[in-house]
Amino acid sequence: MLDWLWLIPTFPLAGFLILTLTAGRLPKPAVFGVAVGSVGLAALLTALLGLDFLTSPPESHFYRQIVWNWMSVGNFTPNIAFYLDGLSLVWLGVITGVGFLIHLYSVGFMADDPSCSRFFAYLNLFIFAMTTLVLADNLLLLFLGWEGVGLCSYLLIGFWYQEPANGLAARKAFIVTRVGDTAMMIGLLLLFLHLETLNIQLLMQRASEQWPAGGTLATLAALLLLGGAVGKSAQLPLQTWLPDAMAGPTPISALIHAATMVTAGVYLVARTHVLFTLAPDIQFLVAVIGATTLLMVGFSSLMQTDIKRIIAYSTISQIGYMMLGLGVGAWTAGVFHVVTHAFFKSLLFLAAGGVIFCFHHEHNIFKMGGLRKRLPITFWSFMAGGAALSALPFTSGHYSKDEILLTAYTVGATGPLFWAAGVVGALLTAMYTFRLIFIVFFGSDERTKTVRESFGISMAAVLVVLSVLALFGGLLKLPLHDVLHSVFSETERATAVGWVGLITTLIPFLGILIVYLFYISRTFSADALVQTAIGRALNRFWYSDWGMDWLYDKALVQPYKRLAAINKSDIVDVPYKGIVVFSRYCYHAVSRTQTGQLRWYAAGMMFGVIVFIAVGVLS
Amino acid sequence: MDLVLFYIAATVAVFSTVMVITRLNAVHALLYLIVSLLAVGFVFYLMGAYFAAVLEVIIYAGAIMVLFVFVIMMLNLGKATIGQERAWLRPGMWIGPALLSLALMTELIVMFVQGVDVAAGHVVEAKSVGILLYGPYLLAVELASMLLLAGLVGAYHLARPAAHVEEKQP
Amino acid sequence: MTTIPMEYGILLAAILFSIGLVGVLVRRNIMFILMSLEVMFNAAGLAFIVAGSRWGQGDGQIMFLLILTLAAAEVGVGLGLVLQMYRRFRTLDADALSGMRG
């Protein structure tokens with residue numbers, strides 16, 4: 001059974017090939033069938049394989065399948081090989097499961113789009129690349145999947161390419177993640193240079209044998225890999241691409257920019273956790289980046305007006321939590337948060353997609369209001385997702401986020417500081433989530449009289465399933481610990497209880513209360529706050545994501561553009577231009593012999609005759 | 001005796017040909033051309049090609065040149081062209097062509113003078129030419145007549161006043 | 001047997017040919033160009049006659065006859081073209097017809 005592992009990436013790849021080669025000639029039902037079917041088969045296989053793996057695990061708790069040898073150059077022999085253990089199984093479950101649900105949702109959402117065949121082709125390609133990434137046995141194959149998901153992200157953000165702004169957003173995403181990818185490539189080179197392999201398990205083994213803890217090589221390698229993770233997972237300082245990536249269709253935002261691709265960075269850190277434990281400084285840096293990001297972006301999300309951008313900033317913030325968890329050594333907690341986040345964040349995105357779908361593609365929340373009567377399924381989905389996101393008790397988010405925070409409290413001297421940051425972040429999370437819900441779904445509905453819930457069974461069913469998962473996913477906590485126990489040999493960490501746990505649990509309610517006072521009972525007025533001088537400044541500052549876009553533009557983009565403009569006519573062009581100029585010159589010179597005059601041609605002929613006689617006859 | 005006559009005829013031919021290319025009046029040039037042709041015809045006679053001599057006089061000088069004269073008369077250019085010709089024939093114009101043709105002439109002379117034995121000519125009777133014409137060169141005669149037919153038709157068509165051209169002129 | 005050396009005849013032909021060439025290249029009036037062409041034809045014919053006389057065969061004269069025919073046809077068509085040219089361009093300047101320039 002386990003040797004069907006290679007089929008999991010292959011089914012979506014086949015779906016992609018079929019859809020690309022038939023290029024829009026298939027009727028829509030066939031397109032849907034191929035796309036959803038391929039991912040559905042992958043999901044089914046994942047379930048079966050997972051069951052087999054868990055009930056009768058192979059010794060040492062992993063399974064490796066080598067498909068073929070990719071290349072053999074000297075002592076560099078990477079294979080196309082898949083490695084299944086608890087960690088990759090968890091990620092596979094998320095990718096194929098949530099992926100399947102989102103494919104189903106897209107059937108309803110993209111039904112009217114004329115190029116939906118292209119959409120599903122790219123989606124299938126994405127699933128293929130992502131599963132390759134998590135199943136990869138060596139870093140080179142992982143990098144292949146890494147680049148593949150980056151490509152699909154670019155293709156899908158700019159899916160409606162007729163609009164230039166979408167292309168710009170897609171390019172921005174690709175270029176910013178490229179910065180991270182370059183760091184990762186250098187890290188790969190460094191690892192290969194010193195440890196002579198890219199096979200992950202071998203790498204971890206050799207690194208722990210050969211490199212001392214805290215040594216420069218381990219630190220450098222971990223730092224470079226972290227660079228790649230930061231780029232792909234949209235953490236500080238490379239988080240500017242994710243809000244703009246909302247230009248893509250909503251199912252994409254749900255799948256790629258919430259549930260799967262942005263967690264690839266988390267996966268990388270988790271996968272190479274041995275390296276990070278060998279470089280405690282870098283692991284600390286991971287936690288710092290996570291904590292700072294989740295705080296900063298929480299403030300930014302509070303000021304946004306676009307329904308998808310709010311949720312996008314929220315995604316960045318939640319991945320900050322995951323990074324924080326990994327950084328303090330709570331590996332399993334961080335991975336658990338990935339799983340629950342996939343549930344509730346994709347639910348939120350899809351529900352937002354429902355609002356957008358029913359409301360004529362309107363994105364501004366201040367143009368909405370009172371939608372809870374008109375869009376019931378969407379409203380309850382939002383409530384479920386929002387509750388899970390705010391980590392209200394008994395939701396899945398509560399179990400994962402609180403586990404991270406409570407573990408963070410106990411680690412080292414800076415533990416309480418991280419915990420405090422996480423708690424403030426949780427406050428902000430609850431605030432912006434429920435601000436969104438209150439503005440969109442409560443209040444007067446004078447602007448939204450024309451809205452009706454008009455989506456089909458595929459979208460509704462998916463929302464319901466995800467709501468259930470978001471609410472009851474906390475039940476997965478203990479099974480997950482069992483599964484991942486063999487991957488992370490972590491000692492049992494103490495989790496703080498007592499007043500720390502109480503504050504952590506109750507802080508979201510404080511956030512909901514604050515927002516309730518502003519937007520429902522109107523005791524305070526948000527508008528009045530914004531009108532004050534400091535309010536206005538803060539609003540602008542946080543709305544533009546702490547000015548980071550402006551900073552990057554001034555510091556990097558404009559100088560580069562200026563350099564490129566200067567370099568446009570550089571010396572390398574001279575030979576090429578020179579050839580052109582020279583042939584033009586010859587053309588003009590020779591065309592002057594074509595005078596059009598009869599006697600000139602006669603003279604030419606005679607001259608030729610003279611030359612012929614001289615050369616041919618007389619010499 | 002023959003040699004003296006040959007020299008005289010050759011001189012006349014060369015002189016009149018030079019006159020042809022340097023005259024300003026077309027009719028004058030034509031008349032000089034006729035003289036040149038007649039002189040060359042005489043040279044043919046001296047070479048013993050009696051038939052060719054007669055043909056030269058009758059056809060070349062007698063028909064083709066007359067055709068030229070007719071056309072020039074038809075064009076009716078008048079005195080203005082003489083001034084034009086004078087303007088076109090500045091002395092500086094002669095240098096290039098003179099050099100070119102001098103080079104050609106030198107080459108030709110060198111070619112002919114090298115290794116040629118001093119031979120004498122034979123008289124070829126019209127009769128033998130006629131026998132040749134009706135014998136081996138029968139096909140050539142037919143082709144020549146077709147060529148003449150083509151030239152006739154072409155000349156007629158080309159020289160015809162086109163009706164639509166004349167109507168366009170206001 | 002004639003007593004004229006054959007080289008002299010060929011020399012005369014060469015000289016006449018060159019003079020005709022000068023005429024073609026120098027004159028701008030198309031009629032003069034045609035006349036100079038006739039001179040060149042004639043010179044070539046003279047060369048053939050001389051050759052035929054040298055070898056005592058009638059082929060030279062027959063070749064001359066064909067040249068004559070050719071000259072006649074050529075003059076006919078050529079003068080027709082000259083008439084057309086005069087009708088269209090109102091000039092006999094050979095340089096005026098330079099539409100093939102460049």
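Sequence lines set the chain letters: A, B, ... in the order given, protein chains first and strands last, and positions in each chain run from 1. Bear in mind the structure is a predicted one, so any value in this text is a computation, not a measurement.
In this view, C:D59 satisfies the salt bridge (Lys or Arg N to Asp or Glu O under 4.0 Å) rule with no residue, not counting sequence neighbours. C:E74 meets the salt bridge (Lys or Arg N to Asp or Glu O under 4.0 Å) test with no other residue; sequence neighbours excluded.
Contact between B:A13 and C:L16 at its shortest, heavy atoms only, is O-CD2, 4.1 Å. Closest approach of C:T91 and C:A96 over heavy atoms only: CG2-CB, 4.0 Å. Between C:S36 and C:G20 the shortest heavy-atom distance is CB-O, 3.4 Å. The nearest pair of heavy atoms linking C:R87 to B:A159 is NH2-O, 3.0 Å. The minimum heavy-atom distance between C:T69 and B:A144, with the atom names listed, is CG2-O, 3.6 Å.
Ranked by heavy-atom pairs under 4.5 Å with chain C, the first of B:V43, B:L75, B:L149, B:I109 is B:L75. Of all the listed residues (C:I10, C:I62, C:V22, C:L21), the one sharing the greatest number of non-hydrogen pairs under 4.5 Å with chain B is C:I62. When each of C:V82, C:I49, C:L83, C:L70 is scored by its heavy-atom pairs under 4.5 Å with chain B, the top score falls to C:I49. Comparing C:M35, C:R27, C:E38 by how many heavy-atom pairs each has under 4.5 Å with chain B, the most go to C:R27. Heavy-atom pairs under 4.5 Å with chain C peak, among B:V141, B:L143, B:L3, B:L5, at B:L3. Between chain C and the options B:S128, B:A29, B:A63, the largest number of non-hydrogen pairs under 4.5 Å is found for B:A29. In terms of heavy-atom pairs under 4.5 angstrom with chain C, the leader among B:L89, B:L104, B:L148 is B:L89. Interface summary for chain C: among B:A126, B:A155, B:S101, B:S36, the most heavy-atom pairs under 4.5 angstrom belong to B:S101. The most heavy-atom pairs under 4.5 Å with chain C, out of B:V20, B:L152, B:L133, come from B:L133. Taking C:L92, C:V39, C:L68, C:L25 one by one and counting their heavy-atom pairs under 4.5 Å with chain B, the maximum is reached by C:L68. Ranked by heavy-atom pairs under 4.5 Å with chain B, the first of C:N42, C:V75, C:V77 is C:N42.
Using a 4.0 Å cut-off between charged nitrogen and carboxylate oxygen, B:E85 and B:R23 do not count as a salt-bridge pair.
Figure legend: cation-pi geometry between C:R90 and C:Y86, with NZ or CZ positioned under 6.0 Å from the six-membered ring centre and within 45° of its axis.
The contact between B:W88 and chain C is made entirely by side chain atoms (from C-beta outward), counting heavy-atom distances below 4.5 Å. Using a 4.5 Å cut-off between heavy atoms, C:I15 touches chain B through backbone and side chain atoms alike. B:V71 touches chain C through its side chain: at least one heavy atom from C-beta onward sits under 4.5 Å away, while N, CA, C and O do not. B:I59 touches chain C through its side chain: at least one heavy atom from C-beta onward sits under 4.5 Å away, while N, CA, C and O do not. Interface remark: B:L132 contributes backbone and side-chain atoms alike to the contact with chain C (heavy atom separation under 4.5 Å). If you measure heavy-atom distances from B:S145 to chain C, you find no contacts under 4.5 Å at all. B:A98 touches chain C through its backbone: at least one of N, CA, C or O sits under 4.5 Å from a heavy atom, while the side chain does not. For C:F17, the part lying under 4.5 angstrom from a heavy atom of chain B is the side chain only. Contact annotation for C:L12: only side-chain heavy atoms (C-beta onward) come within less than 4.5 Å of a heavy atom of chain B. Residue contact with chain B, scored on non-hydrogen atoms closer than 4.5 Å, involves the backbone and the side chain of C:L46 alike. At a 4.5 Å heavy-atom cutoff, the contact between C:L11 and chain B is made by side-chain atoms alone. Residue B:Y156: no heavy atom, backbone or side chain, is found under 4.5 Å from chain C.
No close placement of the B:F44 and B:F51 rings is indicated, their centers lying 6.0 Å or farther apart.
Counting heavy atoms from C-beta outward, B:I21 and C:V26 have side chains that stay 4.5 Å or more apart. Using a 4.5 Å cut-off on side-chain heavy atoms (C-beta onward), C:N29 and C:D93 make no contact.
For the atom pair CE (C:M85) and CG (C:L79), the distance works out to 12.0 Å, reported to the nearest 0.5 Å.
In this pair, B:Y50 and B:Y45 present their aromatic rings tilted. The plane angle is within the 30 to 60° band.
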